[in-house]
2 protein chains.
Amino acid sequence: MCDAPLSEAEATDLAAAMHALADPVRLRLLSHVAARPNGEACACELVDVVGRSQPTVSHHLKVLHGAGLLERERRGTWVWYRVAPTRLADLQNALAPPPPTTRETL
Amino acid sequence: MCDAPLSEAEATDLAAAMHALADPVRLRLLSHVAARPNGEACACELVDVVGRSQPTVSHHLKVLHGAGLLERERRGTWVWYRVAPTRLADLQNALAPPPPTTRETL
DNA sequence: ACACTATATTGATCGATGTCAATATCTTTC
DNA sequence: GAAAGATATTGACATCGATCAATATAGTGT
């Protein structure tokens, strides 16, 4: 966790990001996109992959995109999704333990 | 994210852990405990800190403890919470980007 | 313009959950 | 064991969210 207590605003933002990751279907969508060799996946394949209806998958992709976790690009009829490069790393950092100095120096 | 797509079971487990972190009050509780010099906090102080009723704070602490994020220790009348050492690091790893070899070698 | 396919939106339903008041349980102290 | 304080549980309520069927929108080709 962070070195200092989170403010209400910081906590609200982080919670919103975490909320996007707090669903099995969304995690599987994200991992499927990330696991593709070229790092991108078409929405159409994702519908088959997670075993949910097309509207439901569309909804989850919108949530992931809204949380900044997936990038969206339309190519003709199809929409391709890519894992946003920095967003996941940012969340990782937010979960990082406090620097050792915090406890040692007090 | 991980190198291979998550299975349904893996996704369900990860989602449950993320869910525990997907609430502003719980994040603030966790960060307050982590930010204490000795790494632990009494439940009584946490009630004041997050501005929620005592039952609500108790509920959130139970969720965090149930998710393995907080350790619980009773000392007399008071209950002290400590951030579980490995749990947060595990979640960090779960969010880690796939190893570079995954994309380069294909 | 029309048909066809892919994706998004709407509306409805049902279960999950954050919250608090009231109450219960646990622990120390007298 | 009674009293007091800390923590946990229960019950109720309101809101949120995952889901799907139905429909709408967007883009491609004829």
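Bear in mind the structure is a predicted one, so any value in this text is a computation, not a measurement. Numbers restart at 1 for each chain; the letters A, B, ... are given by sequence-line order, proteins then strands.
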All N/O donor-acceptor pairs, side-chain side in residues 13-24 of chain A, below 3.5 Å, sequence neighbours left out:
from: A/D23; atom 1: OD1; to: A/V25; atom 2: N; distance (Å): 2.9
from: A/D23; atom 1: OD1; to: A/R26; atom 2: N; distance (Å): 3.1

Note to self: Looking at B/R75 and B/E40, is there a salt bridge between them, counting it only when a charged N and a carboxylate O are closer than 4.0 Å?
What the structure shows: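 Counted as a salt bridge, because a side-chain N and a carboxylate O are separated by less than 4.0 Å.
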
Between [X] ([atom1]) and [N] ([atom2]), how many Å, whole number?
{"X": "A/L64", "N": "C/dA8", "atom1": "CG", "atom2": "P", "answer": "12 Å"}
{"X": "A/E73", "N": "C/dT7", "atom1": "CD", "atom2": "P", "answer": "13 Å"}
{"X": "A/H65", "N": "C/dT7", "atom1": "NE2", "atom2": "P", "answer": "15 Å"}

Check: With nearest nucleotides of DNA chain D determined for A/G76 and A/G51 from heavy-atom distances, which residue corresponds to the more 5′ nucleotide?
Finding: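 The answer here is A/G51.
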
Item checked: Angle of first-five versus last-five pair axes in the helix from C/dA1-D/dT30 to C/dC30-D/dG1, to 10 degrees ->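 The value is 20°.
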
Next item on the list: Sequence neighbours left out, what passes salt bridge (charged side-chain N to carboxylate O under 4.0 Å, His left out) with A/E45? Give chain and number order.
Entry: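 Expected list: A/R36.
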
Checklist line | For A/R74, all residues meeting salt bridge (charged side-chain N to carboxylate O under 4.0 Å, His left out), sequence neighbours excluded | finding: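 Listed in chain order: nothing, the list is empty.
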
Check: Under the 3.5 angstrom rule, does the side chain of B/R87 hit a backbone N or O of B/A67 as a donor-acceptor pair?
Finding: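 Here the side-chain-to-backbone pair exists.
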
Margin query: Treating B/Q92 as the side-chain partner and A/Q92 as the backbone partner, does any N or O pair qualify as donor plus acceptor under 3.5 Å?
Written below: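 The answer is yes, because a donor-acceptor pair under 3.5 Å joins these two groups.
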
Note to self: On a heavy-atom basis, which atom in B/L6 and which in B/M1 lie closest, and how many Å separate them?
What the structure shows: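 So the minimum-distance heavy-atom pair works out to CD1-CE, 3.8 Å.
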
Side-chain donor-acceptor pairs under 3.5 Å in residues 48-57 of chain B, sequence neighbours left out?
from: B/S53; atom 1: OG; to: B/T56; atom 2: N; distance (Å): 3.3
from: B/S53; atom 1: OG; to: B/T56; atom 2: OG1; distance (Å): 3.0

Check: Reading nucleotides 6-18 of chain D from the 5' end, what letters show protein touch, with B for base, S for backbone sugar-phosphate only, - for no heavy atom under 4.0 Å?
Finding: SBBB-------SS

